[in-house]
Amino acid sequence: MSQTAKIDIYHGRSRLAPSIDRNLLKDLIEFPAKEFSCKGNGVIREDTTDTRLWRECSSGQTIVLTGLVPAILERLNQSGVEVEVIEHRRFPKRQILSQTVLRNSSGDEREFLLAIKNNPLGQIEVSKRDEIVQRTLEIAHAFPAAKILVRASRKVDANNLCNKLRLEDPELDASVKPPGYWPAKPSRILFTCGALNGGCESKDWDIILLPDPAKAVKKGFFGSMRIFRDYPYRCYSFISPSISLCPPESLLLEAISGRIIYSNVSHETAVQVLWQKPPSAPASGIKKRCLEWKQKSYWKNDRRNDFIAGVARAFVTNNTKKLKKYGVPFHQGKPHFTNSDAPKVVILVESREAGLEIEKRLPDWDFQSNGNGNVDNTQITRPEKLIITATRATQYGIDADVLIYAAGGQGIGALRSTIGESETRPYQAPSVVIDFADECDKITEEDVRDRRKGYRNRGWKQQEQGLSSTPGKTTKIPVAQGVTL
C-alpha cells in the first residue's frame, strides 16, 4: 500500500507533514561540509559535518525552503509516496504576468514568458551576459507595475547591467542604488550589489533577479535572502552552462530560486578538456589531505611545475609539434581553437605559494594574486600570458582562450571564474582546458576522477586518459556555511 503525505507551500518556506521520512530526502535537504580547526602544535584538522536546509518545528513538520519543493515532490513520487500539495501562495495583481503582453508575444519570447508565468521561482539559463539584459527587459515589460530588485555581486556589474538596460529601453525607470543608503523612493528597477544592508524592505519588492548565481550562494548573500520570505515575491536567477557550481552550491541556488525553468542554450559546446600526464613524482607519504600534502603533491612538486610551464610555453610559442602531442585539434595545418594565432593563455593555481613556483619558471609572465603587498597585484600588462590564483580569479574574473588548470584538487569549482567580461568577449568560456592526471597517491587519483566528472556534467568534451570516472569514496565537499531557516 502506498503512503500518503501532505506538503503546504508558502512564500519562502514550506512545510512537510510529519509522516514524510526525511531519510528519503537527505541528499536534497542537507549536504556535508568541511570545517577546519588548528591545534596548538600547528596541525590543521579537517572535519566534515552536515549542513541542513531544513528544521523541525514544534508540530513535527519539516520546514524547508520553497525552492526545494519540486525536487522533494519528484523524490517522494518516485518512492511511491502519494503527496497532497496545498498551495497557500497568493500574489498581488502587480506580480501577475500581463495577459496583453503574453498575447502579443511569439516564438522564443512567448515560451520564456509562459515559463515565468507558471513558476514564481526558477533558474533561467543564458548563453551570454547580454542575454541577462534581454530577459530582464522582457520581465519588466511582462510585469509593468512590479518593483524589481536586481542583486548583482559587484558595483561594476550593477552599473553595466543598468546602463545596458536603459539603452534598450530609455523610458524604463531604472537606476543603481547609491552607496551607503536606500533611496526613499527607489526606481521601479533598482540594481544593487553585495549583501543587503538596513533599509531594504521586503514588502517593497515584487521580483528579485540574481544575475550572479556563484555569488548568490555565498554565506552572506544567501543569508540576506531571508528578508523576502514573509511576503509574496518572485525570484529568478540567471545561470550559464559555463558557470560551475559544486553540488552544495547548486542545492543552495535551488533553495532560493528553484529549478531550471527555461533554457534555449545548446549544451553542445566547443570547449575541449585535454588531459595530460605529468612526470611521475615520489609519493608524499602523507595519508590525508592537509597543507603539507598540498605543498608536496601540487604546489612545490618540481616535476609537475616544470611540465606545466612547458605546456604553457608551447601554446604561447605555437609549438605545433608539442601541441599535437597534447591532443590539440588541427585544421588545415593550424591549431583549431579560438584565437589560436595569438591566444590568451592563463594558468590557474590554487595559492600564491603555488603561483610563485610557476612564476620562477615563466619569469616573463604576469602573476596576479591576493597576497600581501603589491608585488604581484599590479595591473596586468601581458593578458596573453597570465598566472592567477583561484581567489584572485573569483574576485576579478579572467579571460582565456586556453586555460591551464594547475590548481588540481577536488572538483572544478574554480572554473566559475574563467568567464571574462569585456566589450569584445562577453561571457566567454575558454576554448581549450588543459588539466593534469596526477597519480602521486590515491588522493590525487580521486581528485582527477572528481574533476573528470565535473567536466562531464558540464557537457565538455574530454580527451580520455583511461581513468575511472567514479567519484572517490573519501571525497568531501569544499563548502562550509550555516543556513538559517
Are the side chain of Asn305 and the backbone of Trp299 linked by a donor-acceptor contact shorter than 3.5 Å? yes
Would you call Asp212 and Arg129 a salt bridge, taking side-chain N to carboxylate O under 4.0 Å as the test? no
Check the pair Ile404, Phe436 against side-chain contact (heavy atoms from CB on, under 4.5 Å), reporting the backbone distance first and the verdict last. CA-CA 9 Å; Ile404 300 176; Phe436 303 92; 3.7 Å; yes
Do the side chains of Asp27 and Leu251 get nearer than 4.5 Å, heavy atoms only? no
Partners of Thr66 by side chain to side chain donor-acceptor pair (under 3.5 Å), sequence neighbours excluded? Ser14
With a 3.5 Å distance limit and no angle check, can you tell me whether Tyr236 reaches the backbone of Ile116 through a side-chain donor-acceptor pair? yes
In terms of relative ring orientation, are Tyr326 and Phe307 parallel, tilted or perpendicular, with 30° and 60° separating the classes? perpendicular
Under-4.0 Å salt bridge between Arg22 and Glu30: no
Show the nearest heavy-atom pair for residues Ala406 and Val349, with the distance to one decimal. CB-CG1, 4.2 Å
Say whether, by atom type as modelled, one donor and one acceptor occur between the side chain of Arg75 and the main chain of Leu24 under 3.5 angstrom. yes
Regarding Glu353 and Lys294, does a basic nitrogen lie under 4.0 Å from an acidic carboxylate oxygen? no
Of the non-hydrogen atoms in Glu125 and Glu131, which two are nearest, and what is the gap between them? O-OE2, 4.0 Å
Side chain to side chain donor-acceptor pair (under 3.5 Å) filter on Arg304, not counting sequence neighbours, yields Asp438
Can you name the closest pair of heavy atoms from Asn119 and Arg234 and give their distance? O-NH1, 3.6 Å
Does the plane of the ring in Trp293 sit parallel, tilted or perpendicular to the ring in Tyr298? Use 30° and 60° as the thresholds. perpendicular
Paired with Glu439, the salt bridge (Lys or Arg N to Asp or Glu O under 4.0 Å) test is passed by just one of Arg303, Lys277, Arg449, namely Lys277
Partners of Lys322 by salt bridge (charged side-chain N to carboxylate O under 4.0 Å, His left out), sequence neighbours excluded? none
Electrostatic pair Glu445:Lys442 at N-O distance under 4.0 angstrom: no
